[in-house]
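Worth saying up front: this structure is predicted, and the values here are computed from it rather than measured. In what follows, every heavy atom counts, from backbone to side chain, and hydrogens, waters and symmetry copies are set aside.
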Amino acid sequence: MTEWEELIQKCTKCKKCELHNSRKNVVVGRGNVNAPVMLIGEGPGEQEDIQGIPFIGAAGRLLDVLLNSLMLGEKDYYITNIVKCRPPSNRIPTDEEAYACMPYLRDQFTLVKPKIIVCLGATAVKYIIDRKAKITAIRGNWQEQKGIFVMPTFHPAALLRDPSKKPLMFSDMKSVREKLESMK
Ligand code: URA
């Protein structure tokens, strides 16, 4: 069994938090497992839970349009979430749930070895960058963690609620595209 197959099997069997009771599917990730960029969201929504694939609902489609407009395709990124099972009614994951799921995200970092991490929204910022950081204050500003560049930006669902955020997220992702180019 490959390391990825092992990880997927561990996630599929996981019962470390309450979310396993209500999930239809565990949502591990999608994209290129050797990609230079790793995008991290919050947790699967309804469509993701049904299909077992992250970011395929309305927010995911908007994210795809934004990434495609910057010539960023699935070969460039791997996308996952802080929690791998859907929180009921799409509520924010609890600390207990996020920390229970963290070893799987760590395994994903280890296997993908991204050069750039993009935190999509407040939950990813909280667990990847700083518990107390405010997304509106730090978005668009590069952070560095153990030699990996980390870009905090909005969650695409926030753009659906407030379209005025679109140019800001576009500018953040343009910065990601430029950083990626500068590394080639
Ligand atoms: N929102 C997320 O944070 N992740 C998904 O996979 C879908 C919607």
Side-chain angles (χ1 to χ4, degrees), residues 3-33 35 37-68 72-112 114 116-129 131 135 139 150-162 165 169 172-173:
E3 286 172 302
W4 273 107
E5 285 166 346
E6 251 175 62
L7 174 59
I8 290 164
Q9 196 182 71
K10 267 196 285 179
C11 291
T12 310
K13 288 186 181 162
C14 182
K15 292 187 176 174
K16 288 201 286 180
C17 81
E18 285 305 306
L19 296 182
H20 81 273
N21 285 317
S22 48
R23 75 181 174 218
K24 290 191 173 68
N25 283 293
V26 177
V27 181
V28 182
R30 72 167 162 90
N32 176 2
V33 294
V37 180
M38 188 155 158
L39 300 157
I40 304 171
E42 179 175 289
E46 186 182 20
Q47 280 308 310
E48 291 78 13
D49 181 45
I50 292 170
Q51 299 194 44
I53 304 167
F55 283 96
I56 44 147
R61 285 195 298 276
L62 176 58
L63 180 65
D64 279 349
V65 170
L66 196 149
L67 295 174
N68 287 336
L72 287 165
E74 263 202 2
K75 68 168 189 346
D76 302 303
Y77 65 83
Y78 178 80
I79 188 163
T80 185
N81 284 300
I82 292 290
V83 293
K84 310 297 190 245
C85 298
R86 183 189 182 200
S89 315
N90 299 342
R91 64 161 171 73
I92 296 169
T94 63
D95 272 349
E96 201 186 347
E97 292 156 359
Y99 288 124
C101 220
M102 201 53 74
Y104 303 132
L105 188 58
R106 277 200 208 101
D107 286 352
Q108 288 173 305
F109 285 138
T110 307
L111 293 173
V112 177
I116 296 171
I117 290 171
V118 180
C119 293
L120 299 168
T123 299
V125 164
K126 176 176 177 184
Y127 294 104
I128 305 293
I129 299 176
R131 282 190 70 82
I135 180 84
R139 63 137 281 275
V150 185
M151 172 57 78
T153 189
F154 292 120
H155 191 287
L159 274 56
L160 292 172
R161 290 190 294 269
D162 176 5
K165 291 190 167 83
M169 186 168 177
D172 299 347
M173 295 310 299

- Say whether, by atom type as modelled, one donor and one acceptor occur between the side chain of D49 and the main chain of K24 under 3.5 angstrom. yes
- Message: Quick one: does any side-chain atom of Q108 pair with a main-chain N or O of V28 as donor and acceptor, under 3.5 Å?
- Response: yes
Any chance you could measure [X], atom [atom1], to [Y], atom [atom2], to the nearest 0.5 Å?
X: I56; Y: E46; atom1: CD1; atom2: CD; answer: 10.5 Å
X: F154; Y: I135; atom1: CZ; atom2: CD1; answer: 6.5 Å
X: K13; Y: Q9; atom1: NZ; atom2: CD; answer: 4.0 Å
X: E96; Y: C101; atom1: CD; atom2: SG; answer: 12.5 Å
X: I116; Y: M151; atom1: CD1; atom2: CE; answer: 8.5 Å
X: L67; Y: L72; atom1: CG; atom2: CG; answer: 5.5 Å

Take atom [atom1] of [X] as the centre, draw a 6.0 Å sphere, and report whether it contains more than 12 heavy atoms from other residues, nucleotides or ligands.
X: Q51; atom1: CD; value: yes
X: E74; atom1: CD; value: yes
X: I92; atom1: CD1; value: no

- Verdict with supporting geometry, V26 and C85, side chain to side chain contact (heavy atoms under 4.5 Å, CB included): CA-CA 5 Å; V26 177; C85 298; 4.0 Å; yes
- Stepwise side chain to side chain contact (heavy atoms under 4.5 Å, CB included) test for L105 and I128: CA-CA 10 Å; L105 188 58; I128 305 293; 3.7 Å; yes
Taking all atoms of both residues into account, what is the closest heavy-atom pair of [X] and [Y], and its distance?
X: A124; Y: G41; result: CB-O, 4.0 Å
X: I82; Y: A98; result: CG2-CB, 3.8 Å
X: K84; Y: N81; result: NZ-O, 2.7 Å
X: P93; Y: P87; result: CG-CG, 4.3 Å
X: V27; Y: I53; result: CG1-C, 3.5 Å
X: A35; Y: V112; result: O-CG1, 3.5 Å

Lys/Arg N to Asp/Glu carboxylate O, [X] vs [Y], below 4.0 Å:
X: R86; Y: E48; result: no
X: D64; Y: R30; result: yes
X: D172; Y: K165; result: no

- What do the steps show when you test E97 against R91 for side chain to side chain contact (heavy atoms under 4.5 Å, CB included), and what is the final call? CA-CA 12 Å; E97 292 156 359; R91 64 161 171 73; 2.7 Å; yes
- Task: Please name all residues satisfying ring-ring contact (aromatic ring centres under 6.0 Å, His included) with F55, sequence neighbours left out, ordered by chain then number.
- Result: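 For F55, the residues satisfying ring-ring contact (aromatic ring centres under 6.0 Å, His included) (neighbours in sequence not counted) are H155.
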Side chains of [X] and [Y]: closer than 4.5 Å at any heavy-atom pair?
X: V83; Y: Y127; answer: no
X: D107; Y: E6; answer: no
X: N90; Y: E42; answer: no
X: P44; Y: R23; answer: no
X: L66; Y: P156; answer: no
X: T153; Y: V118; answer: yes

- Evaluate side chain to side chain contact (heavy atoms under 4.5 Å, CB included) for D95 paired with R131, printing each intermediate quantity in order. CA-CA 10 Å; D95 272 349; R131 282 190 70 82; 2.9 Å; yes
- Query: How are the rings of W4 and Y78 set to each other: parallel, tilted or perpendicular (split at 30° and 60°)?
  - Reply: tilted
